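As the structure is a computational prediction, the values presented were derived from the model and not from experiment. All residue numbers in this chain count up from 1 along the given sequence.
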Amino acid sequence: MQSRRILLAGAAVVGIVALTGYASPYWRLHQLQSAVAERDAGKIFSLVDFPALRASVKLQLMEQLGAGGLAGAARDNPFAAFGQTMAMAAIDPIVDAVVSPAGVSAMLEAGELRVRRGSGDGQDGPSAPPAQQADTDEQPRYALSYRSWDRVAVAKEGGDGGAFILYRHGLWGWKLGGIELPRRAPSAG
């Protein structure tokens, strides 16, 4: 009888740990949305792994530049190779400006993984679209999907295919450390 109670208590503890471990990215998403709503840059900074996020964005932008025909054109035209080199050099300052507490906040608030033109003073970073600026009470709805034990994709419901990537830090901790940019449809012509 005593061993059965111990077994049931152990199973309950394992179940609670598994459930809270599974639900922890949902809690982290709630914390991110709250920090964005409160415009708390310090809290956003603590919930995001900015070096990993910058590396993720830079890698994907370079892949998109290479897949967008610039790599093929560079083989045939020396000016295209120069243009590709210049474009890649321009990526660093753009990514550094966008992947900031203000930039991440704007992307989470809008639910879009796009670089938007700021308000003109150069300090804001990306800005939310006009519909979001007019109605700041309505937050986008996100869907979470586990990609692996330590990686979760957070995508806007009905979005364009892009996702924010949360990486596990410890058993219950998560940080925003990557972005999957929406895949561009091949252009005709």
* Structure fact -> Here the gap from R5 atom CZ to Q2 atom CD, rounded to the nearest 0.5 Å, amounts to 6.5 Å
* **From L181 atom CG to S56 atom OG, the distance as rounded to the nearest 0.5 Å** => 7.0 Å
* Could you list all the side-chain hydrogen bond (donor to acceptor under 3.5 Å, both in side chains) pairs where at least one residue sits in residues 89-98, not counting sequence neighbours? => K58-D92
* To do: Indicate whether the side chain of E38 and that of S34 have a donor and an acceptor atom separated by less than 3.5 Å.
  => no
* To do: Would you please classify the geometry between the F45 ring and the F50 ring as parallel, tilted or perpendicular, with 30° and 60° separating the classes?
  => parallel
* To do: Could you tell me the separation between the CH2 atom of W174 and the CG atom of D49, rounded to the nearest 0.5 Å?
  => 13.5 Å
* Report yes if the side chains of V48 and L32 come closer than 4.5 Å at any heavy-atom pair, otherwise no. => yes
* Before accepting this row, confirm whether a basic side-chain N of the pair K156/E180 lies closer than 4.0 Å to the acidic partner's carboxylate O. => no
* Are Y26 and V36 in one and the same hydrophobic cluster, where Ile, Leu, Val, Met, Phe, Trp and Tyr link if side-chain heavy atoms are under 4.5 Å apart? -> yes
* What distance separates D40 CG from L47 CG, expressed to the nearest 0.5 Å? -> 9.0 Å
* To do: Identify whether L29 and Y22 are in the same connected component of the hydrophobic contact network (ILVMFWY, side-chain heavy atoms under 4.5 Å).
  => yes
* Please identify each residue that fulfils side chain to side chain donor-acceptor pair (under 3.5 Å) with D150, with sequence neighbours left out. => S148
* To do: Measure the acute angle between the ring planes of Y142 and F164, then classify it against the limits of 30° and 60° as parallel, tilted or perpendicular.
  => perpendicular
* So which residues get pulled into I165's cluster when ILVMFWY side chains under 4.5 Å apart are joined, directly or through others? -> Y167
* Asked: Just checking, any donor-acceptor pair under 3.5 angstrom between side chains of R28 and Q31?
  -> yes
